[in-house]
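Here's the structure we're looking at; comments come further down.
On a predicted model such as this, the values are computed, not experimentally measured, just so you know.
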Amino acid sequence: MSKSQQVQQQSAFKQLYTELFNNGGDFGKVSNNLKKPLKCYVKESYPHFLVTDGYFFVTPYFTKEAVTEFHSKFPNVNIVDLHDKVIVINNWSLELRRVNSAEVFTSYANLEARLIVHSFKPNLQERLNPTRYPVNLYRDDEFKTTIQHFRHQALQQSLAKNLKQENIPDIAKVTGGDKKAKVDAGIVRASTSKGDEFSDFSFKEGNTATIRIQDIFVQEKGKDALSKLGGEGDVKVKGGARGKAKAASKSAKGKKVSAKKADVAAADVRKSVDKIVKYTPNKPSSRKETPQKSQSVPAAGKSSAKKTATGSKKTLPANPSPSGKKSTKTTDQMTMAQFKRYLEWHEKKKGGKTSSGGKVLGKRSAGKASATSGKASKASKRSAKK
Amino acid sequence: MSSAAKNQRSTSRVTKKKTTGPKDAAPKKAEKGSKYEYVELTKAQLTSVTAQHFYAVVIDATFPYKTNQERYICSLKIVDPSLYLKKEKGTGDNSDYATLVLYAKRFEDLPIIHRLGDIIRIHRATIRLYNGQRQFNANIFYSSSWALFSTDKKSALQEIGGQEATSDLVPFSHSGKNFTFQKNEAGIVQNIRKWAQQYFTQYSVISNDMFTALNKAQAQKGDFDVVAKILQIHELDEYTNELKLKDASGQVFYTLALKLKFPHLRTGEVVRIRSATYDETSTQKKVLLLSHYSNIVTFISTSKLAKELRGKITDDRAVEKAALKQDVSLSAVVLTEVDKKHAGLPAHSLHDLFHNADSDKELSSKDTFRTQFYVTKIEPSDVKEWVKAYDRKTKKVTSLKGSAAKGGDNIFQVSFLVKDASTQLNNNTYRVLLYTHDGLGANFFNGVKADNLHKNADARKKLEEYSELLTRFNSYVDAVVERRNGFYFIKDTRIVY
DNA sequence: GGGTTTTGGGG
């Protein structure tokens, strides 16, 4: 029933996310050979955290454990300051969620395949090779079509189940020449589910609790870091649950997350590092805005690859944050324009709801994500974009 | 001195903000006649530090795009009677041109070019040599201004009713709040308009050195331009159209075009794409990626290039035929064709047909519509019951099951439960009927007539295949439906596979 | 300026 990809898909994200949809949203059915560490470039880190595989950008969703471990192992690195850096996601899983696509731009047709990150680390010295301009995976022609296919299957299954008794209009009833007859007689409810939106899906919706980047920001920069700078600390995040009112009430309940079924696959994610981003012959790249004593990359094809003991706890980034120590200044790594942008972003959000995924953050989430480290390998360079 | 002044921006675009708008399209300073002297592109003084004014014909343009927090840019290629053909030997009829770069603080202050061959008037532009080429710069955020005049009777947006109509000497869009026009400009506009028409009639304008053949797209390093015919416009979703393109090389490509950004595109038209890249991640179909500065433009009616391509490029449906051989295909297949006599019938979404038809004055006054949808289920599910015996007098239908001969005529009585982009997310499905008792839709199944399907195994088999084809993922129906008694009946529509 | 924003499905 799935398509035949005669040609190898070059984008790791597209292949992964597509497989999830083609397997009914069941991560356990996704090919195990794809469950390897993901090395990606952090395109943006605030107010949206986006990573790319060299072709597309997606939003990674960090579990509380992932954030805690990261801060523990890299005390002087802010997640929110990872913009333009490389990170390796060693433990992850994928899950399907129903969301409001009018508010979540990394979703389509009210569905979102989420990359749940259980463990990740930064590769501060690594530079990836220049790639094409990364675009939103959820705006890709084939991927959108794959999601439409997923919905099409769900709809047909629902119809087969709910419309067993057929009801065809009698010819006598449709030949009266009644100009006033209303057209709504032709509207047929697909399923008995409540609400106007189709929701008769059979997939098991994910419910892993993750931490919003805004909360990570506050955690790293201080609860009033924003208000001090003129913005408002009270920010609202779009997305998460469907429907605003619904989203609020839902999250309010604060349901617990079952840590067990959680990520069947999390454990399988190990193997060797996946070559997400194409490496290329390195060429020293220098970035303008981040004065970093970037080690010139070894000449070989793979490169600088600092294989920092990934799994070890001792590791301290050879080259911490730009300032050398954890920064609490919100302006770090930001140009005046960016700074202005995020202030505006917060400004715009204030007054909104506080919950995002509709789940509670506090409690530990699913899966005992055992951080498995792959060997960071094929490093490469990525010339800085302006 | 000035005439045809308007108080409101003549552009149909909505100005969202009301910040300090730019100056008038034609700042009025002196009260005397010829305040503005228009120069030919070739005469503009490269040494002059003074701003200059001119009229030119647009032959290429980026979409206005944002470059940073405070700037928007729109870059154009322009020509006029003094600059339009490369003079060097061996360049054939390659076009020569000057570039015009407009800068603004707001997106709304820049011109949107939907069609090549239209006329642009610029006030207060500076000129310099950039890469050995004449480049005009217009700072709309300061004192420069622009105005666009349609070369054809109507502008691209006016043709689709998306812009207020204007007369020949009034721009269909311009920067600033006001627009001024000197008496002596009438002749200038009419002259350059005539020149533009002849120029496009005699030359390709978009010469071969200005675009890449699609069969060479994959080999391109970066972005490139395209000139192709739109074979099909498939509504992928509420915001997006998927264009099926084919160029002179015969290669077919698909590309996503936002409805709001490109509202003027129509099937059958030839377009030029300014900046596209080959998508290496699309493995099921050939796809072109566009950027925010990419533009898709049509050509003025006299275009020789567009005319040649429209007649030369045809759709052999090869992509679809191959797609239908797969279990699941990511290529949308439109299974039907509607009678040519409905070519001009405007299309309406299912949402309009089933949720607005009785409330909207326009819709309720009509009874024939063009619409596209996909079939989720067909009733009766038993194909053998698609054809019934119909008694015209009693209007009763009877199953043809059984050996006893039934009286009356054999007719199709089938109900399609359909859906489309406008109703994609809701919990409804909509009934569209294929009832041939009055002749409507009699040819829908491409030659398969209504016969006793309990006996005619051949017809039954074909219809069972059509049943599968119609309800398979990514199969669409483009149909004309007629409203009768609140129901919609398919007519003048035929499956072509 | 033959380009890369967020308005993050005109920009």
Side-chain angles (χ1 to χ4, degrees), chain A residues 43-44 46-50 57-59 101-109 131-141 144 238-239 337-338 340-342 344-345 348 385-386, chain B residues 12-14 16-17 60-77 97-114 126-139 157 162 210-212 220-225 235-242 256-264 273-277 289-296 421:
Chain A
K43 179 174 181 288
E44 293 172 37
Y46 201 80
H48 293 295
F49 196 96
L50 305 170
F57 66 73
V58 299
T59 298
S101 290
E103 300 186 328
V104 184
F105 68 89
T106 49
S107 71
Y108 180 65
T131 65
R132 77 175 193 189
Y133 191 79
V135 296
N136 187 346
L137 175 60
Y138 291 87
R139 294 295 175 265
D140 175 73
D141 190 327
K144 277 187 171 185
K238 280 186 178 177
Q338 289 172 134
K340 200 176 152 192
R341 220 211 306 165
Y342 87 63
E344 289 172 349
W345 186 84
K348 185 173 61 179
K385 77 172 200 176
K386 80 172 182 190
Chain B
S12 67
R13 284 179 278 149
V14 178
K16 296 165 186 171
K17 304 174 186 176
D60 186 33
T62 64
F63 196 77
Y65 62 97
K66 193 169 191 174
T67 55
N68 62 55
Q69 287 253 304
E70 52 189 33
R71 224 51 133 195
Y72 288 87
I73 293 176
C74 182
S75 178
L76 317 176
K77 282 188 179 65
Y97 49 80
T99 60
L100 165 61
V101 185
L102 301 99
Y103 298 87
K105 288 181 180 176
R106 307 187 310 161
F107 172 74
E108 297 79 9
D109 296 330
L110 291 171
I112 289 179
I113 304 299
H114 283 317
T126 57
I127 182 176
R128 58 171 295 188
L129 222 46
Y130 181 74
N131 287 168
Q133 197 177 215
R134 298 174 88 85
Q135 181 184 76
F136 289 90
N137 287 299
N139 294 320
L157 288 184
M210 295 173 75
F211 65 95
T212 299
Q220 290 298 304
K221 293 180 182 178
D223 74 314
F224 50 88
D225 300 335
E235 184 173 11
L236 187 65
D237 53 55
E238 182 184 356
Y239 317 93
T240 324
N241 278 326
E242 180 193 61
L256 299 186
L258 292 173
K259 296 180 185 178
L260 185 57
K261 185 175 181 181
F262 305 118
H264 62 307
I273 296 181
R274 162 61 184 264
S275 191
T277 53
L289 256 29
L290 302 185
S291 298
H292 69 147
Y293 45 75
S294 293
N295 200 2
I296 303 181

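Across all strands shown, B:Ser75 has heavy atoms under 4.0 Å from sugar-phosphate atoms exclusively, and none from any base. Residue A:Ser101 is classed as a base contact, given a heavy-atom separation below 4.0 Å to a base. Counting non-hydrogen atoms under 4.0 angstrom, B:Asp60 reaches a base of the nucleic acid. Heavy atoms of A:Arg132 sit nowhere under 4.0 angstrom from any nucleic acid atom. Counting non-hydrogen atoms under 4.0 angstrom, A:Tyr138 reaches nothing in the nucleic acid. Using a 4.0 Å heavy-atom cutoff across all strands shown, B:Ile73 reaches sugar-phosphate atoms only and no base atom. Residue-level contact check: B:Asn131 touches neither bases nor backbone, having no heavy atom under 4.0 Å from any strand. Among the protein residues, B:Asp225 comes within range of the nucleic acid bases, having at least one heavy atom under 4.0 Å from a base atom.
Counting only heavy atoms from C-beta on, B:Val101 has its side chain closest to C:dG1 among C:dG1, C:dT6, C:dG2.
Below 30°, between 30° and 60°, or above 60°: for B:His114 and B:His264 the angle between ring planes is between 30° and 60°, a tilted geometry.
Partners of A:Phe105 by side chain to side chain contact (heavy atoms under 4.5 Å, CB included), not counting sequence neighbours, listed by chain and number: A:His48, A:Leu50, A:Phe57, A:Asn136, A:Arg139. The salt bridge (Lys or Arg N to Asp or Glu O under 4.0 Å) search around B:Arg134 returns none, not counting sequence neighbours.
An OP1 or OP2 oxygen of C:dG2 is reached within less than 4.0 angstrom by a side-chain nitrogen or oxygen of B:Arg274. For the pair A:Tyr133 and C:dT5, the criterion of a side-chain N or O lying under 4.0 Å from OP1 or OP2 is met. OP1 or OP2 of C:dT6 lies within a sub-4.0 Å distance of a side-chain N or O belonging to B:Lys66. When the side-chain nitrogen and oxygen atoms of B:Thr62 are compared with OP1 and OP2 of C:dG3, none of them lie within a distance under 4.0 Å. Dashed line: the shortest gap from a side-chain N or O of B:Gln133 to OP1 or OP2 of C:dG1 is not under 4.0 Å.
Remark: the separation of the P atoms in C:dG8 and C:dG3 is 26 Å, to the nearest Å. Of the C1' atoms belonging to C:dT5 and C:dG11, the separation is 7 Å, rounded to the nearest Å.
A distance cut-off of 5.5 Å between ring centres, combined with a plane angle under 30°, leaves B:Tyr72 outside any stacking arrangement with the base of C:dG11.
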